[in-house]
Amino acid sequence: MQHMSTSKLRQTFLDFYASKQHQIVPSSSLVPGNDPTLLFTNAGMVQFKDVFLGAENRPYTRATSSQRCVRAGGKHNDLENVGYTARHHTFFEMLGNFSFGDYFKVEAIQFAWHFLTEVIQLPKEKLWVTVYTEDDEAADIWINQIGVNPDRVARIGAKDNFWSMGDTGPCGPCTEIFYDHGEDIFGGPPGTPDEDGDRYIEIWNLVFMQFNRHADGTMEPLPKPSVDTGMGLERIAAILQGVHSNYEIDIFQNLIRSAATVTNATNLEDKSLRVVADHIRSCAFLIVDGVMPSNEGRGYVLRRIIRRAVRHGNKLGATGSFFHKLVASLINEMGDAYPELTKQQAIVEKVLRIEEEQFSKTLDRGLVILEDSLKALEGTVIPGDLVFKLYDTYGFPSDLTADVARERELTIDEDGFKAAMQVQRETAQKAGKFGTDYNEQLKSDHTTSFKGYQNDHISSTVVELFTNGENASVLEDGQEGIVILDRTTFYPESGGQIGDAGVIKVNGGEFVVENTTKLGNAIAHKGKVIGSIGLNNRADAKIDVARRDSVRKNHTATHLLHEALRQVLGEHVTQKGSLVGPDRLRFDFSHFEGVTKAELSKIEAMVNSEIRRNLDLNTELMQIDEAKEKGAMALFGEKYDDEVRVVSIGEFSIELCGGTHVNRIGDIGLFKFVSESGIAAGVRRIEAVTGISALEHVNAQADVLAKIAALVKADSHTALEKVSALVDKAKGLEKEISQLNDKLASAAGASLLDSVIDINGVKVLIANVEGTESKALRGMVDDLKVKLNSGIIVLGVAAGAKVSLIAGVTKDLTSQFKAGELVNFLAQQVGGKGGGRPDMAQAGGSQPENLASALDSVQAWVTEKA
């Protein structure tokens, strides 16, 4: 058995399969491109999913990769086990080889066995195999062709040895390879009662995709059976390095030592060091792939992982921010294999530091509250409402509460927490409602040729019609439906660009196109019929030219904006979505803080500078690899064929894009920001206008300025100075009014002293202070407490439909009378609730008609407590 570093093992695997005519494919992003079924990339096959489905073609039929994966949210979530077991991680690398209708079971098994026993020289007697119960073919290959002892081949049912892409779609049996770590470790072979022990560990899973499963459960054989394999890099590295736990391999040991240094930890066996070492990998790579901390979806998962790492660092003794300091150590371990990590080091460090500092503000307080609650806990279960309170009030994820519970040999009330979280869960799950029925999507067998880059209208033929989700031979007057043409000038909605509108004319009628989308390889014109339109009709397809021109301007402007954002804010800026319409453009991008006015001005000036250069916009078709070498940037969520369309604006911007654009950049005319805002933590949104819309926006602003100038009797040049002076004067008047109100309130409070009553030796002042502003009540109570020296004060006031209440108790009486309890007692009588400190508390209500009776009840409340 060869001793091998993790880095060398990764390269050895890729080189072996390259020698077997496999194309080495780089790891894809952790954010699956254009895939609504997954939260994160969790296996090597994800980037090849459309190839397996037959929706995408590659220039190769064999591939190999080392894919970075995250399993920390959604269906695949290992977060709670990370740090406490030998092999669970939030981030790991999956080595894999893939066949797209090329070789099948025999070659896949032979390749795997050769790599394990000949290349890295694992002892054959240490390897065990499982096959699907009904897969006699795989069992025969292992036993009769490879020569594995039948006693080491176990047949396992569908739960473990039948793989599915989803509830529907491609699936098939699999065979797994296990490694025996030795007799000194508990556990039995796969398929035995003790199989859950740590002695026999799965290292490689070979999946044979040979069926398409339909919603009714029927299994249709695939025309091109394929192979998808996955082997955990960390697991096989542990074997080659002679250790049992993944955390003992070189890459983790170095990270653990660095984590110990930045957290001041001395015990290198502490499980919290494992947590920190694991989490820096997932957090750094998620940020590299454009995920920013937020309160929903992928961003929320990232936030949970960061906060879990910070809590464990705090537990180890870390002071101040520490987590971001581990990025440099991670780059030392993985920077050569993933240069994008090195390129974005500064951004990753900044995002982690900002998030850590924000959480640190609430971490200590949350821990104190949890500790105090645990002291009073009866039993061994932390109530769900406490877990929710820590999350909702202090940003303390339930994972962290569960961690603390585990350390105290306690559990948390998961059901109670989930019930309390129902509203928040529904919001978060909007990003996690993944899953579609592959077999129930509307499909077209036709391919539409797009001819709209240079043409506004074209003659074509109607080849398919749909209405109400079903094929039709004719669409009658007034019917809504979809028209498929053999060729068209209508651009289908894609890459953020809105679909074209216009008219398709035929003899006997016309089809008014309201939107255009993709339907497989066909282009779907959606709209309504005037007259009738039938199959095989000759048609004249003409777009709304003015609308398309406006869209062109806005689309080209998004390319300029994208590059300007990256130049001004940093290369971490990743497009998170866009909408290019005729009236304006919208551009969403990842950024960890608001864009300042100075930055916006610089970005806007940069875009307009490029517009004034009036360069030609060049488009050319080239191979995807050639385009990437040229530096072309891919748009978020888009997938590309082997031949791609590259849109270049001089050397300023080069992007892969299938959209429509202006011929010369000067055609845009003018670019003007309308708004910049945050739509989620870590995601910003810019809206802008171009051309005539930009001019109209500027004119509208000028009109507003002129009206303001007229109001303050100034012109556009002196309006700012005049308005500033008026604002300063207004602030001064407001201050004077506030001071006068305070004097009036103080005078009113002094006159209230005549209303003090004695209840069992306690001075009590109860008053309806009609006409007093609610914000003056606190000052009145403070003054009255001084003048009373000892006593209870209750004031109430109604203004419209709103009630304001305040209670004050002098310090000498707070052990007996609590202001918070008193004000809450009163608030419930006026349709509200409230509370506060024992010496001062405020509340509100919405039933002013009950104020008098509520104040009358104070005497009885005090009498009962006295």
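Residues take their numbers from the sequence shown, with the count starting at 1. The basis for the numbers below is simple: all heavy atoms, side chains too, and nothing from hydrogens, waters or symmetry mates.
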Any chance you could measure [X], atom [atom1], to [Y], atom [atom2], to the nearest 0.5 Å?
X: Ile280; Y: Leu255; atom1: CD1; atom2: CG; answer: 8.5 Å
X: Asp289; Y: Arg298; atom1: CG; atom2: CZ; answer: 10.5 Å
X: Ile24; Y: Phe13; atom1: CD1; atom2: CZ; answer: 10.0 Å
X: Gln344; Y: Tyr338; atom1: CD; atom2: OH; answer: 15.0 Å
X: Cys283; Y: Arg303; atom1: SG; atom2: CZ; answer: 12.0 Å
X: Met45; Y: Ser226; atom1: CE; atom2: OG; answer: 10.0 Å

Less than 4.0 Å between a side-chain N and a carboxylate O, is that true for [Y] and [X]?
X: Glu593; Y: Arg684; answer: no
X: Arg685; Y: Glu676; answer: no
X: Arg586; Y: Glu687; answer: no
X: Arg353; Y: Glu349; answer: no
X: Lys518; Y: Glu493; answer: no
X: Arg68; Y: Glu340; answer: yes

Answer yes or no: is there a side-chain heavy-atom contact under 4.5 Å between [X] and [Y]?
X: His661; Y: Val647; answer: yes
X: Asn254; Y: Arg257; answer: yes
X: Tyr247; Y: Asp278; answer: yes
X: Thr6; Y: Glu234; answer: no
X: Trp204; Y: Thr229; answer: yes
X: His89; Y: Arg71; answer: no
X: Ile654; Y: Val646; answer: yes
X: Phe671; Y: Leu561; answer: yes

*Search all heavy atoms of Ala405 against all heavy atoms of Ile412 and return the closest pair with its distance.*
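In this case the closest contact between Ala405 and Ile412 is CB-CG2, 4.0 Å.
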_Any donor-acceptor N or O pair under 3.5 Å, side chains Ser28, Gln67_ =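 There is such a pair between these side chains.
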_Side chains of Ser272 and His312, donor plus acceptor under 3.5 Å_ =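 Short answer, yes.
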*What pairs with Lys325 under side-chain contact (heavy atoms from CB on, under 4.5 Å), at least two apart in sequence or on another chain?*
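Val262.
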*Are His279 and Phe323 close enough that their ring centers fall under 6.0 Å?*
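Ring-ring flag for His279/Phe323: false, centres at least 6.0 Å apart.
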*asked:* If you take the centroid of each ring, where Trp contributes its six-membered ring, are Phe587 and His559 closer together than 6.0 Å?
replied: no
*Could you walk me through whether Phe592 and His572 pass the ring-ring contact (aromatic ring centres under 6.0 Å, His included) test, one step at a time?*
CA-CA 10 Å; Phe592 44 83; His572 67 283; 5.1 Å; yes
*side-chain hydrogen bond (donor to acceptor under 3.5 Å, both in side chains) assessment of Glu599 paired with Thr596*: CA-CA 5 Å; Glu599 289 170 334; Thr596 66; 3.3 Å; yes
_Residue pair Asp228, Met209: steps toward the side-chain contact (heavy atoms from CB on, under 4.5 Å) verdict_ = CA-CA 7 Å; Asp228 155 33; Met209 281 186 274; 3.7 Å; yes
*Might you confirm whether atom CG of Asp336 has over 12 heavy atoms from other residues, nucleotides or ligands at distances under 6.0 Å?*
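Open: at most 12 neighbouring heavy atoms sit under 6.0 Å from CG of Asp336.
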_Partner set under ring-ring contact (aromatic ring centres under 6.0 Å, His included) for Phe589, not counting sequence neighbours_ =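 Checked Phe589 against ring-ring contact (aromatic ring centres under 6.0 Å, His included); zero matches.
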*side-chain hydrogen bond (donor to acceptor under 3.5 Å, both in side chains) assessment of Thr41 paired with Gln47*: CA-CA 8 Å; Thr41 298; Gln47 66 168 310; over 6 Å; no
*Taking it one step at a time, do Ser578 and Gln575 satisfy side-chain hydrogen bond (donor to acceptor under 3.5 Å, both in side chains)?*
CA-CA 8 Å; Ser578 68; Gln575 183 173 336; 3.2 Å; yes
*Measure up the Phe100 and Phe48 rings against each other and bin them: parallel (under 30°), tilted (30 to 60°), perpendicular (over 60°).*
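Because their plane-to-plane angle lies in the 30° to 60° range, the rings of Phe100 and Phe48 count as tilted.
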